[in-house]
2 protein chains.
Amino acid sequence: MVTLKDISREIGLSVTQVSRALGGHADVNPDTRDRVRATADRLGYRPNAIARGLKTGRSGIIAMVVAGTRTPESNAHLFEIVMGLSAEISARGQTFVLHVAEPGADTMRLHAELYRSGSIDGFVLIGPASDDPRIARLKKLGAPFIVHGRDPAQSHAFVDIDNMAVGQVMADHLLRLGHRRIGVLNGVESEFFAVQRRRGVLAAHAAHGVAADPALMLSMPMIAPNGRRATLALLDAPQPPTAIIAGNTPLALGVYQAAAARGIRVPHDLSVLAHDDGLDMCPPDSFTPALGGTIAPLTTAWVALADHLADIIAAKDGPSHSRILDLTFRKGCSARAISVDTRGHAVP
Amino acid sequence: MVTLKDISREIGLSVTQVSRALGGHADVNPDTRDRVRATADRLGYRPNAIARGLKTGRSGIIAMVVAGTRTPESNAHLFEIVMGLSAEISARGQTFVLHVAEPGADTMRLHAELYRSGSIDGFVLIGPASDDPRIARLKKLGAPFIVHGRDPAQSHAFVDIDNMAVGQVMADHLLRLGHRRIGVLNGVESEFFAVQRRRGVLAAHAAHGVAADPALMLSMPMIAPNGRRATLALLDAPQPPTAIIAGNTPLALGVYQAAAARGIRVPHDLSVLAHDDGLDMCPPDSFTPALGGTIAPLTTAWVALADHLADIIAAKDGPSHSRILDLTFRKGCSARAISVDTRGHAVP
DNA sequence: CTGAAAGCGCTTACAG
DNA sequence: CTGAAAGCGCTTACAG
């Protein structure tokens, strides 16, 4: 390995001066600087990250701990998160550590041990639970961290989208089109984002002076078969909805499948909107008719996570280290205006 | 952060002795040892990985560099490899770094820079090409590394399966059952494993004194639609095969689909075998009839990779740092014995 | 503009 | 069985 000492010896300057020249400090003769840099390049010098880390107290390492599972189940979302985050962190010259814990391991403890070993500058947490113990632990440790998503029960830095707006925007769009019975296929409501979306839907109803029917609001893991099953149940009920809001595009796929199975046309007989995070396997424009709804590409989250975490590590203070990502709405061709009678039933 | 100095001060021993006590060296008074350890636990001491790394020249970090893609395509295989490897490396107290390169980045150079920065003990390479430049570069650097798979053009440590045996075993099984026209849906033959499998199939034919028909041996990316398309082509040809060997289970799924589309029964009219790596989305027993073929669970590869790489880093010498993983055969219910006439056509 | 010195936290010969 | 000292490679006050 080439060290500062090697360069120092090679051109007869002190290690101090070589370090400063390479560091780009102002108080170095420009000629010296260029000479040092040229020599460093020629020798293939790279600063020793470990030595630098020991001196500066920063390793440049960001870690993410994920719980391991014994059964290899392909979690496409987790994969994209890992790849996206790694790419973003690698691109800024930092190092991304993925620590897959053994099944049943105590991830709180793991975070603490990793941090105490002094080699981790900060953590990224994903999928926070309510009252997530990992968050409490990291706060107690004083470790820099940022959460993708939010734990409403604790105050912490996060990057998230406005999930209440997700529900509100889609419901509002449908209510404006005249729909009065709107089905909602929501995520599992033990998760905060799903709770917020439901609140958004209810708020939109309230704003329009429309009573929301709780029987139309269902909660489930967001995969296509569940969307299909739930939609069939809604359609077969005595008072079916005229529109459905799906929590993600796979759920919407299930909605389309169920409609097809019942000979119900989208959007003529049933309007459909869905939230799209840009990562799910079914992109909205692969739907026929093209699926409308809210859009918040998860890929923008990596940049925000890396940025804010860097600020937190550098202990920069600002108004907040959290960030709510933008939300856009895409009309698509999957929702249409209808007329309804006083009971909310469609009038041809 | 709690350091040796803190413990030293706390119990009035030298830092030297504290270090030795915690390191479990023999020449420390057992009482002292216990006292030091108790204090370390009480204070929540964790050795500083960076300081230790600087001293020992080992960081405990294993890195994997993967090429980034701009389009987030879910690569379930890569995901399992990353998760499996990370879990295995994390479990042994080492650190797994995933470096996702920017699209178009020079991964050779990246490996070199990471290694020269002194913070990486070794690398895991996956998906080696023929004459892979990354391998040449790492060899030139003298960096410890191990390859999952093989580059036959260079000598290096690797963990792989015997792909020639994969082809040989399945072809031999079918030949013994009386098949004389065996279709092969192989992977892309620019990859070494696919070349080896073809060789194995040919070797089995030679051993049985049967001429292999090159027209029956097809090469393609191993996904179900390709398997379906290739099988339809084989079945619709003037002299269709009586058996098909598929490179993986998705290809076999395509074979089953094509057979169903043509009203051809498995195994009555068509025998099918496939190689199963235990990770593909279609497990053999989810097939009807249950799919037979060779099995080599990829999950055993992580342990081997981590083991051998650790040996290489420790510069232990042994007969070889490479490993060929076990292969088993599972009969399933997808292949049956047939009688054939002299031209290789099935006789009822 | 340049250099000698200290120190980050650890490990490990070396001397007692 | 124990301790003082050196050193891993770097950065950074401090003094010239």
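Quantities reported herein were computed from a predicted structural model and do not represent experimental measurements. Chain identifiers are assigned alphabetically (A, B, ...) following the order of the sequence lines, protein sequences preceding nucleic acid strands; residue numbering begins at 1 within each chain. The analysis underlying the following values was restricted to heavy atoms, covering all of them including side chains, and did not include hydrogens, waters or symmetry mates.
- Place B:Lys55 and B:Thr16 on DNA chain D by their nearest nucleotides, and B:Thr16 ends up nearer the 5' end.
- Using a 4.0 Å cut-off between a side-chain N of Lys or Arg and a carboxylate O of Asp or Glu, B:Asp162 and B:Arg150 do not qualify as a salt bridge.
- C:dA15: Watson-Crick or G-U partner is D:dT2, with both key distances under 3.5 Å.
- Distance NE2 (A:His25) to C1' (D:dC10): 12 Å, rounded to an integer number of Å.
- One finds no side-chain N or O of A:Ser14 lying less than 4.0 angstrom from the OP1 or OP2 phosphate oxygen of C:dT2.
- At whole-Å resolution of the value, CD1 in B:Ile50 and C1' in C:dT11 are 16 Å apart.
- Counted within 6.0 Å of NZ on A:Lys5, heavy atoms from surrounding residues, nucleotides or ligands total 12 or fewer; the atom is thus considered open.
- In terms of phosphate contacts, B:Thr3 brings no side-chain nitrogen or oxygen within less than 4.0 Å of OP1 or OP2 of C:dC8.
- Between B:Arg9 and B:Asp6 there is a salt bridge, since a side-chain N of the basic residue sits under 4.0 Å from a carboxylate O of the acidic one.
- In this structure, the CZ atom of A:Arg46 is 17 Å from the P atom of D:dG9, given to the nearest Å.
- Sequence order on DNA chain D of the closest nucleotides to B:Asn29 and B:Ala51 puts B:Asn29 first from the 5' end.
- Residue A:Asn48 is in sugar-phosphate contact alone, with no base atom involved, counting any heavy-atom pair closer than 4.0 Å across all strands shown.
- One interatomic measurement links the two molecules: CG of A:Asp34 to P of C:dC1, which rounds to 12 Å at whole-angstrom precision.
- Rounding to whole angstrom units, CZ of residue B:Arg52 and P of D:dG9 are separated by 18 Å.
- Atom CG of A:Leu54 and atom P of C:dA6 are 17 Å apart (whole Å).
- The side chain of A:Arg20 sits closest to D:dC14 out of C:dT11, D:dC14, C:dC1.
- We find that CG of A:Asp27 is positioned 12 Å from C1' of C:dG3, with the value rounded to whole Å.
- Of all the heavy atoms in B:His321 and B:His308, the pair that sits closest is O-ND1, 2.8 Å.
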